[in-house]
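Predicted model, so just to flag it, every value in this text is computed and none were measured. Residue numbering restarts at 1 for every chain, and letters A, B, ... go by the order of the sequence lines. Computed over heavy atoms, backbone and side chain alike; hydrogens, waters and symmetry mates excluded.
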There are 2 protein chains.
Amino acid sequence: MLNLDTICLGVLYSGSKTGYEIHKIINNDFKHFQTASYGALYPALGKLEAKALITSKNKNVQAQQQSLPKKKYTITDDGRINFQTVIKGTKAQERLSSDFLAAFYFSDHLDPEDISTLIDQQLSTLQGNYKDLISVPLSTMPDGQRFGIRYTIAVNRAATAFLKGEGRAIQTSLTRK
Amino acid sequence: MLNLDTICLGVLYSGSKTGYEIHKIINNDFKHFQTASYGALYPALGKLEAKALITSKNKNVQAQQQSLPKKKYTITDDGRINFQTVIKGTKAQERLSSDFLAAFYFSDHLDPEDISTLIDQQLSTLQGNYKDLISVPLSTMPDGQRFGIRYTIAVNRAATAFLKGEGRAIQTSLTRK
DNA sequence: GCCAGCATGTAAAAAGTTACATGATTCC
DNA sequence: GGAATCATGTAACTTTTTACATGCTGGC
């Protein structure tokens, strides 16, 4: 997997940001394939700064010293080079990371009602994701980002369609037993 | 995420197995949504045994003492209860864990040829996965497992179709620039 | 006799989560 | 003045990967 360091470099590529802003971007815009907690983010930013791939500027070094500085992080030329190199070396991999599939795999050890619940939950999860995805303002974003959203929508639709057909059929056959 | 402990319990639910066999099952049958290294697996089994959710029996306590025992792990009644409880409490979640989407998200900072490579790679990854999926002997497996495979195939097909259409279109528009 | 596959494990390091701890700013 | 949001960070813990280390067994 593309690690958090590289994700941060990618986010900073288009302009300087605070850690808080980076966190927001990852957990909103990227939530369909990636999230990050502060406990992972700040150490990652620290590491990147130590490697001089980013620099930080304290935004308020005014008279009064505050306990915590408000830093704005900026990608360096080395950081841009590193990002390019890592992306070029990244294999396009993908996996459905799915509790639903895992649980369903063991469905022959589960009660029919649990299986039915699982399918209902998954459908509602997919529908929730779908709502998120279609509410994104596609027209105002770069091509790559728009493409990613539409790709994810296509996958979501296929999963939903399959579940509505086959999943419902399984539920029906279970309740008949 | 459903953790490795629970996956192990699920695998052992249908019969006793060695760590090696569990590893093989996870990394072959489950590879579309889960993998596990030995370095994660054996400690997990040790933990489960300490909690008495599984027991182990040394298969060769013959005369000669070997450096490493060959253990067969068996799920206990407590283990079955624990498995049921955890599954019932599991939310059906799912996410596309994707280096492809991550890299593509930053495509406005990449060279056209890199983007093109990314799409080609992703298509070949999807096609590789597809081959794996259709080579599974569907007719001999439990309903739940067959359902999971077909669900994954449906998603894979949608992704491939989208990429073949939209992805190719992007490649063409890039090379025209 | 050798090689592929069976078999088990540990150690170091990486990566991340959760919970905690603190304080500033902005808008109502 | 209070609430929401902005903002940064640490500490303990959990999980996992990678690399190492060892040895048996069955088939050719």
For the student: nearest non-hydrogen atoms of B/Y13 and B/I75, plus distance: CD1-CD1, 4.0 Å
[X] [atom1] to [N] [atom2], straight-line distance once rounded to whole Å:
| X | N | atom1 | atom2 | answer |
| --- | --- | --- | --- | --- |
| A/N27 | D/dT5 | CG | P | 16 Å |
| A/L45 | D/dA7 | CG | P | 14 Å |
| B/L48 | D/dT15 | CG | C1' | 14 Å |
| B/N58 | D/dC24 | CG | P | 14 Å |
| A/K24 | D/dA4 | NZ | P | 17 Å |
| A/K17 | D/dC6 | NZ | C1' | 17 Å |
| A/H23 | C/dT18 | NE2 | C1' | 12 Å |
| B/K57 | C/dA7 | NZ | P | 17 Å |

All pairs passing salt bridge (Lys or Arg N to Asp or Glu O under 4.0 Å) where residues 29-52 of chain A contributes a residue, at least two apart: A/D5-A/K47, A/K31-A/D132
Sequence neighbours excluded, every pair satisfying salt bridge (Lys or Arg N to Asp or Glu O under 4.0 Å) that has a member inside residues 115-129 of chain B: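 Passing the test, one end in residues 115-129 of chain B: B/D120-B/R168.
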With a 4.0 Å cutoff (strictly under), does any side-chain N or O of [X] reach OP1 or OP2 of [N]?
| X | N | value |
| --- | --- | --- |
| B/K71 | C/dG9 | yes |
| B/S37 | D/dT17 | yes |
| B/Y38 | C/dG9 | no |
| A/K70 | C/dG23 | no |
| A/Y20 | D/dT8 | no |

Remaining members of hydrophobic cluster (4.5 Å side-chain criterion), B/M141: B/Y130, B/L133, B/I134, B/V136, B/L138, B/I149, B/I153
Out of C/dT10, D/dA7, C/dA7, whichever nucleotide has its closest atom nearest the side chain of B/P43: C/dT10
Of the listed nucleotides D/dG9, C/dT18, C/dG9, the one nearest the side chain of B/Y42: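 Closest nucleotide to the B/Y42 side chain: C/dG9.
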Expected output: side-chain B/D99 to main-chain A/E94 donor-acceptor under 3.5 Å: no
Pairing residues for A/A154 by the side-chain contact (heavy atoms from CB on, under 4.5 Å) criterion, not counting sequence neighbours: B/F162
Residues forming a ring pair (Phe, Tyr, Trp, His ring centres under 6.0 Å) with A/Y20, sequence neighbours excluded: none
Partner residues of A/Y73 under the ring pair (Phe, Tyr, Trp, His ring centres under 6.0 Å) criterion, sequence neighbours left out: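 None.
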Any residue meeting side chain to side chain donor-acceptor pair (under 3.5 Å) with B/S97, in chain and number order, not counting sequence neighbours: none
Sequence-distant partners of A/S16, side chain to side chain donor-acceptor pair (under 3.5 Å), two or more places apart: A/T74
OG-CD1 distance between B/S116 and B/I170, expressed to the nearest 0.5 angstrom: 10.5 Å
Please table the atom pairs, donor to acceptor, closer than 3.5 Å between any side-chain atom in residues 102-111 of chain A and protein atoms at least two apart or in another chain.
unit_1	atom_1	unit_2	atom_2	d
A/Y105	OH	B/Q145	OE1	3.1
A/S107	OG	A/F104	O	2.9
A/D111	OD2	B/K88	NZ	3.3

Five-pair end axes of the helix from C/dG1-D/dC28 to C/dC28-D/dG1 and the angle they enclose, rounded to 10°: 30°
What's touching nucleotides 11-15 of chain C from the protein side, N or O pairs under 3.5 Å?
unit_1	atom_1	unit_2	atom_2	d
C/dA15	OP2	A/K47	NZ	3.3

Interface residues of residues 79-96 of chain B with DNA chain C (non-hydrogen, below 4.0 angstrom): none
